[in-house]
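The next block holds one structure in the form of structure tokens; read it before the comments.
Atoms within each ligand, like the ligands themselves, are counted from 1 in listed order.
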Amino acid sequence: MNTQEVILCEGLGNSLAHALAQCPHDKVFVLTDEHTHRLCLPLLEGVDALENAVEIVIGPEDVHKNLETLASVWLELSNKGATRRSLMVNLGGGMVTDLGGFAASTFKRGIPYINIPTTLLAMVDAAVGGKTGINFNGLKNEVGVFSPAVSVLIETEFLRTLDDRNFFSGYAEMLKHGLISTPGHWAELLSFDRGSIDYAQLKAMVGRSVQVKENIVHEDPLERGIRKALNLGHTVGHAFESLALAENRPVLHGYAVAWGLVCELYLSCLKTGFPQDKMRQTIAFIKENYGVFTYDCKAYEHLYALMQHDKKNTEGVINFTLLRDIGEIAINQTADKKTIFEALDFYRETMGV
Ligand code: GLY
């Protein structure tokens with residue numbers, strides 16, 4: 001798999017002009033959703049290389065991350081004269097970068113694409129690492145390919161207008177990167193104060209966070225081994241996310257991951273000797289900034305069934321990524337039903353459900 005260039009921009013227009021010049025093309029297509037068309041595209045005005053670009057606008061949010069939207073993008077590419085030498089620029093959150101990356105990677109057997117993530121979640125996770133795809137048959141990211149962007153341009157100026165909930169949703173993935181990397185990065189993440197943001201410090205932290213992901217993806221692009229480290233918090237987190245959706249009270253992905261981390265750090269203490277004081281410090285941060293996802297013991301069987309259906313499992317055995325300490329990763333761990341229920345009890349006691 002090709003590697004991708006991730007740039008922490010000093011000026012988005014210049015970085016984009018440079019990235020476009022590096023990638024020979026005959027025509028540029030810019031994919032936006034209705035929000036980024038209105039709020040983010042104006043920031044690219046004045047980039048000469050986009051003068052004749054064709055914009056494709058899709059509906060926003062996860063509900064549009066489907067085959068119908070994908071087909072509409074292929075259709076626009078086809079009708080508006082895209083060739084094998086055309087280039088796509090995906091400007092948006094994870095939904096746009098995932099779907100746009102998949103559309104580009106499959107159109108005429110693959111054209112190059114550049115990601116410009118506009119949310120924190122997309123900057124530190126979705127837009128980096130080459131996972132592309134759509135939801136299908138009621139399942140998230142069921143169809144897709146590993147296919148990295150040629151460049152990912154991270155412009156943290158977009159974060160100035162991000163609402164709190166989307167900010168913390170992305171921040172949960174940063175917290176995960178802290179836990180799987182170094183005590184220093186983890187500690188700086190826990191001490192960050194959303195109330196008085198220093199944007200220069202935030203930019204530096206985003207840069208360090210992306211680097212954690214890039215290093216792991218570089219080592220294991222196809223998730224055969226160490227890339228599973230990035231699944232920390234996600235086995236329980238995805239179950240919370242799906243339960244919330246089934247009960248018609250959807251939660252943002254990062255919130256589900258943060259709550260999932262509570263259970264998976266508990267499992268880490270129990271099974272791989274993660275220090276209790278570090279678990280308590282991390283949970284205090286989550287409790288303060290993410291509030292609580294509520295469920296009672298009647299939901300345990302449903303949550304367990306959801307974990308059993310996770311696509312990371314093999315032969316029905318629930319797969320966890322756990323930690324021995326900060327940065328000491330234990331992939332391919334499992335836990336029996338009784339222990340998982342104990343972790344769900346622990347969550348409710350600790351979070352005060
Ligand atoms: N979001 C986890 C990964 O890219 O592997």
Next item on the list: Kindly indicate whether a cation-pi arrangement holds for Lys80 with Phe29, taking the cut-offs as under 6.0 Å to the six-membered ring centre and within 45° of the axis.
Entry: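 No, a cation-pi geometry is absent between Lys80 and Phe29.
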Next item on the list: Cation-pi check, Arg160 to Tyr199: give yes when NZ or CZ is under 6.0 Å from the six-membered ring centre and within 45° of the ring axis, no otherwise.
Entry: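 Here Arg160 passes the 6.0 Å and 45° test against Tyr199.
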Pairs under 3.5 Å, N/O atoms on ligand 1 and on the protein: can you put them in a table with the distances?
from, atom 1, to, atom 2, distance (Å)
ligand 1, 1 (N), Asp125, OD1, 3.0
ligand 1, 1 (N), Asp125, OD2, 3.3
ligand 1, 4 (O), Lys213, NZ, 2.6
ligand 1, 4 (O), Arg227, NH2, 2.8
ligand 1, 5 (O), Lys131, NZ, 2.9
ligand 1, 5 (O), Arg227, NE, 2.8
ligand 1, 5 (O), Arg227, NH2, 3.3

Notebook entry, point to check: Pick from Phe192, Tyr290, Trp259: which one makes a ring pair (Phe, Tyr, Trp, His ring centres under 6.0 Å) with Phe168?
Noted result: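 That would be Tyr290; it is the only one of Phe192, Tyr290, Trp259 passing the ring pair (Phe, Tyr, Trp, His ring centres under 6.0 Å) with Phe168.
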Check: For Phe240, what residues pass the ring pair (Phe, Tyr, Trp, His ring centres under 6.0 Å) criterion, not counting sequence neighbours?
Finding: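 Listed in chain order: Phe293, Tyr295, Tyr347.
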Margin query: Taking Leu230's backbone N and O only, do any of them form a donor-acceptor pair with Lys176's side chain (distance below 3.5 Å, no angle check)?
Written below: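 Yes, because the side chain of Lys176 sits within donor-acceptor range (under 3.5 Å) of the backbone of Leu230.
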Item checked: Flag, side chain of His25 to backbone of Cys23, donor-acceptor distance under 3.5 Å -> yes
